[in-house]
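Here is the structure we will look at, set down as structure tokens.
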Amino acid sequence: MVRLTMGSIRWAFNFGKWKPLREEWLLAAQSVQLEENQRIHKFVFRKDAKAALVGRLLLRKVIAEKLDIPWQKVKLVRTEKGKPILEDTEDHRISFNIAHQGDYTVLASEMGPSTVGIDVMKAERPNGIKGLKDFFRLMRRQYTDHEWVTILKNPDEQEQLCAFYRLWCLKESYIKAVGIGIGFELKRMEFHIYSPEVPIGQVILDTRSLQTEDMTEFTMPNFTHLGFSHLVDTAESLLESEDSNWENFTNKPENPSDWKRSTAGSLDI
Ligand SMILES: CC(C)(COP(=O)(O)OP(=O)(O)OC[C@H]1O[C@@H](n2cnc3c(N)ncnc32)[C@H](O)[C@@H]1OP(=O)(O)O)[C@@H](O)C(=O)NCCC(=O)NCCS
């Protein structure tokens with residue numbers, strides 16, 4: 001079976017590099033639904049506010065463009081598990097999902113009734129974990145024996161970490177496609193990787209899982225990197241432009257390490 005996925009969209013935005021200008025932030029913040037604007041207001045760190053706001057813009061952009069409807073007509077709600085879906089739950093013309101971590105917010109979308117999930121992870125050791133062995137021990141039960149063999153056969157630690165996160169993203173994407181959340185035992189899924197490396201700019205199509213064994217061939221687009229102007233090129237205002245959005249954003253520390261630094265500074269006084 002060859003599945004041509006003409007309606008597939010994969011977008012990535014590097015929010016780590018994005019240092020919003022006032023006008024950019026205000027435009028972005030007024031182009032999302034009120035409850036999302038308010039949620040973003042509450043984030044402690046700038047990086048999280050940027051990641052989430054970009055996610056909302058990606059969702060609205062793909063829906064408005066692919067369904068050919070005005071930006072203001074896009075109405076999103078969340079399932080009780082938090083998954084963003086169209087308010088009209090009978091509308092199965094498009095499926096979408098976003099993820100954010102590290103420096104990137106990413107979106108996957110498919111036309112038609114199939115459902116899509118996505119995840120992204122920066123391949124680095126989590127904060128507070130001394131050795132990779134300790135980290136793997138903590139995560140022991142999330143992976144099957146077959147998956148641990150796949151991870152540990154790599155000769156060096158960074159490669160092991162990459163394999164670990166690659167499998168993690170596959171499991172999370174599955175969970176997110178289905179729309180269930182934490183609580184689902186990750187070990188219940190087993191993925192088989194046949195291409196040991198994921199070269200930058202290349203799409204890997206030979207990954208299999210016990211659930212998808214019958215799917216033989218796909219065509220899939222690579223990720224397109226969007227810049228800010230592309231992200232908002234069809235955006236329309238849903239809310240009044242509020243200066244408080246900018247003040248709120250600039251008052252946040254970028255990330256936890258900046259916050260620790262300024263806390264340490266205030267202790268010196
Ligand atoms: C879904 C989940 C596994 C993703 O976690 P994560 O790795 O931290 O986050 P990711 O970067 O991969 O994805 C985050 C995005 O996925 C989407 N998302 C949230 N919940 C989702 C779900 N249940 N299924 C699919 N997508 C979901 C959202 O768009 C979210 O971004 P946003 O909140 O800024 O809009 C996790 O949030 C979870 O388990 N949620 C369920 C919580 C739950 O069961 N709540 C019940 C009420 S207490």
*Minimum heavy-atom separation for Ala52 to Arg39, with atom names?*
CB-NH2, 3.8 Å
*Relative to the ring of Tyr143, is the ring of Phe164 parallel (under 30°), tilted (30 to 60°) or perpendicular (over 60°)?*
tilted
*Should the pair Phe228 and Trp18 be assigned to parallel (<30°), tilted (30 to 60°) or perpendicular (>60°) ring geometry?*
parallel
*Report yes if the side chains of Phe191 and Arg208 come closer than 4.5 Å at any heavy-atom pair, otherwise no.*
no
*Modelled atom types, side-chain donor and acceptor of Arg56 and Gln33, under 3.5 Å*: no
*Between Lys50 and Asp103, does at least one N-O distance fall below 4.0 Å, as a salt bridge requires?*
no
_Is it the case that the side chains of Gln142 and Trp168 hold a donor-acceptor pair, with the cut-off being a distance below 3.5 Å and no angle test?_
no
*Taking atom types as modelled, is there a side-chain donor on Asp119 or Ser173 under 3.5 Å from an acceptor on the other?*
no
*asked:* Strictly by side-chain hydrogen bond (donor to acceptor under 3.5 Å, both in side chains), give each pair with a member in residues 125-136 just once, sequence neighbours left out.
replied: Arg125-Glu157, Asp134-Arg137
*Given side chains that start at C-beta, do those of Leu238 and Gln30 come closer than 4.5 Å, heavy atoms only?*
no
*Is it true that atom NZ of Lys17 has more than 12 heavy atoms of other residues, nucleotides or ligands lying nearer than 6.0 Å?*
no
*Minimal non-hydrogen separation, Ser195 against Asp206, with atom names*: OG-OD2, 2.7 Å
*Please say whether the positively charged group of Lys61, taken as NZ for Lys or CZ for Arg, lies over the ring of Trp11, i.e. under 6.0 angstrom from the six-membered ring centre and within 45 degrees of the axis.*
yes
*Glu190 and Thr144 side chains, donor-acceptor separation under 3.5 Å*: yes
*Is there side-chain contact between Asn14 and His225, with at least one heavy-atom pair below 4.5 Å?*
no
*Heavy-atom closest pair, residues Met220 and Ser8*: SD-OG, 3.9 Å
